[in-house]
Amino acid sequence: MIDKNTQEKTNDNKNFIEEIIDKHLLEGRFSSVKTRFPPEPNGYLHIGHAKSICLNFGIAKKYNGTCNLRFDDTNPTKEEQEYIDSIKEDIRWLGFQWDKECYASDYFEQLYEWAIVLIKKDKAYVCDCPQEVISRNRTKPTEPGIACEHRDRSIEENLLLFEKMRNGEFPAGSRVLRAKIDLNSPNMHMRDPIMYRILYEEHPRTANKWCIYPNYDWAHGQSDSIEHITHSICTLEFEVHRPLYEWFIKELEIWAPQQIEFARLNLSYTIMSKRKLLQLVEGKYVSGWDDPRMPTISGLRRRGFTPESIKMFADIIGVAKRDNLIEYELLEHCLREDLNKRAERRMAVLDPLKLIITNYPDNEDELLDAINNPEDPISSTRQIPFSKEIYIERTDFQENPQKDYHRFYVGNEVRLRWAYFVKCTGFKKDNNGNIIEIYGEYDPASKGGNSPDGRKVKSTIHWVSAKHAVPIEVRLYDKLFTVPEPDNAEEGKTFLDYLNPQSLITTTAYGEPSLGEFIVPAHYQFERLGYFVTDPDSTSDHLVYNLITKLKDSFAKKRQ
Ligand code: ATP
Ligand code: MG
């Protein structure tokens, strides 16, 4: 069932990252394991981050080590407290606890001092070239780069200019501090990368203390080092940054973590970039970051995904060294695996058709026993009311039954789940020819849905008693996009052109009485329909249920 491409594990079931760690421990390079999860607080976490969280916290746990949560807050224009709060909530919800809560901004002073160390070693200089000139002078990987006149500045001049940069004596964007490495390196990241830029922007934590901000490459590795991280696990696009990561550490002669790269998660029928997710939120294509169609952790939570199902998903996809696309169905499959064992069953009718049981006493009703979860050997039970008039799904009756149709048609007998055998005896149409109700006769001896004399029926259907049913709002969610790779848009189109107009259909269903009880969140399997969860929009007199996923498991079928 596991796609060969999704993970690379050795015989003793270790992934390649664990193999590297084992080697380090054996050789004595490190004596314990310390990882970190380093989100930039510029949006909500998504399922890709969940993979990274499971990996970093999972490895720390496996090796009896620790994992820090570090906010990579070096870009004050895009970062907000709301995002910091949501990130912490999401990690806790997944079931992980960080060791230290850290902020790259707490290291700004140390980073500044280290920049001075590099300037004093003639390994960094202040450059006045505009960004376009810097890029142009880097030329191409196959050609030597061009040095600007600032590269030869004296150490004294650089120290003075850098101090002035910090003191706010230059306009935004007018100068940068660059590492002095190698303008001819085939790796463009080594062609004198930018360490600091001037930016007059209030920072959520350091307010207006700083007007120079470190770039990712300068902040990240040094933050890892300050925290004595042993293994700095990141996604593949940072592989080309690794020589730079190691260069800074070596020049500063500080604690040296090992950077290890793995393939980022790409999931079909969705997008993963925070910038694009923000576009969906701001453009009101969705109701917010936690819209149940969003691939964010908060969206998946509201949709009804459980932490267990997300962790199972992360475990199955494992870690790979090559990028690939994981099917969305795998995530749904994990949810079904989890909820099939744990979710209580309920009956609800989405598209009701009335069935009148003509031989059932008028004005009477009774309570029938139902097992809450037949998959659970010690399941509790509940009682459901039964009466003369019940609702069934409209699709559970056919006037002219097609081949192999075993549900209601005149003359056919069907089992009503937990109730009785009922034989269909007729139906009634309105003036337009629409079927408005059907009739049947029940067999009192089949109470509980058991055959009284060994006679068999081929179908069991769900139902609710009409006078006891509670109306519930049901939000039927489907994929947000119509194509597997919305990021791969045709020319002239963007991912927004592939939004699925049918991704949310809201309807009123009739549920058995217990579905009117206000519990948030409560996960259920609506028999024969799918898994549902109560939405936080619910109130005690208006219950809202989200469809998490239908029952049909196309993923398992495809793999058979
Ligand atoms: P995005 O491009 O979605 O904004 P990002 O990489 O900029 O993502 P960060 O907040 O910097 O987001 O990421 C925090 C951590 O999560 C990083 O270590 C990053 O490598 C990891 N990560 C981000 N996206 C994925 C993904 N799709 N699969 C696995 N790990 C991811
Ligand atoms: Mg990032």
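The first residue of the sequence shown is numbered 1, and numbering continues consecutively from there. None of the values given here were measured: they were computed from a predicted structure. Counting starts at 1 for both ligands and their atoms, following the listed order.
In the vicinity of K274, heavy-atom distances shorter than 4.0 Å reach the ligand 1 atoms 1 (P), 3 (O), 4 (O), 8 (O), 9 (P), 10 (O), 12 (O). For ligand 1, the atoms lying closer than 4.0 Å to a non-hydrogen atom of E40 are 9 (P), 10 (O), 11 (O). Atom numbering of ligand 1 starts at 1 in the shown order; those under 4.0 Å from a heavy atom of S273 are 3 (O). Here is the list of ligand 1 atoms found below 4.0 Å of a heavy atom in P39: 10 (O), 14 (C). Numbered from 1 in the order shown, with element, the atoms of ligand 1 that lie under 4.0 Å from a heavy atom of P38 read 14 (C), 18 (O). Each of the following atoms of ligand 1 lies closer than 4.0 Å to a heavy atom of F37: 15 (C), 16 (O).
Looking only at distances, a side-chain donor or acceptor of N187 sits under 3.5 Å from a matching main-chain atom of H189.
Among the atoms of K51, none of the N or O lies under 3.5 angstrom from an N or O of ligand 1. Among the atoms of N42, none of the N or O lies under 3.5 angstrom from an N or O of ligand 1. Residue M272 has at least one nitrogen or oxygen atom sitting less than 3.5 Å from a nitrogen or oxygen atom of ligand 1, judged on distance alone. For ligand 1, the polar-atom distance check finds an N/O of L265 within less than 3.5 Å of one of the ligand's N/O atoms. An N or O contact shorter than 3.5 Å links T235 to ligand 1 by distance. Of the N or O atoms in R36, none lie within a sub-3.5 Å distance of an N or O in ligand 1.
Residue H46 places a heavy atom less than 4.0 Å from ligand 1. Contact annotation: F238 has no heavy atom less than 4.0 Å from any atom of ligand 1.
Surrounding NZ of K276 are more than 12 heavy atoms belonging to other residues, nucleotides or ligands, all under 6.0 Å away. In the displayed structure, K88 atom NZ is contacted under 6.0 Å by more than 12 heavy atoms of other residues, nucleotides or ligands.
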List the steps, then state whether side-chain hydrogen bond (donor to acceptor under 3.5 Å, both in side chains) holds for Y107 with E227.
-> CA-CA 10 Å; Y107 311 138; E227 293 171 24; 2.5 Å; yes
Are Y269 and N500 close enough, and set up right, to give a side-chain hydrogen bond (donor to acceptor under 3.5 Å, both in side chains), and what steps lead you there?
-> CA-CA 10 Å; Y269 292 96; N500 176 9; over 6 Å; no
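Ranked by closest heavy atom to atom 24 (N) of ligand 1, the top entry among E237, E261, R264 is R264. One option in G48, A50, P295 has a heavy atom closer to atom 26 (C) of ligand 1 than any other, and that option is G48.
W255 is linked by a ring pair (Phe, Tyr, Trp, His ring centres under 6.0 Å) to F30, H228, counting only residues two or more places apart in sequence or in another chain. Residues meeting the ring pair (Phe, Tyr, Trp, His ring centres under 6.0 Å) test with H150, sequence neighbours left out: none.
In this structure, the ring of F532 has its center no less than 6.0 angstrom from the ring center of Y524. In this structure, the ring of H220 has its center no less than 6.0 angstrom from the ring center of H241.
The aromatic rings of F57 and F96 sit parallel to each other, their planes meeting at less than 30°, with 60° as the upper class boundary.
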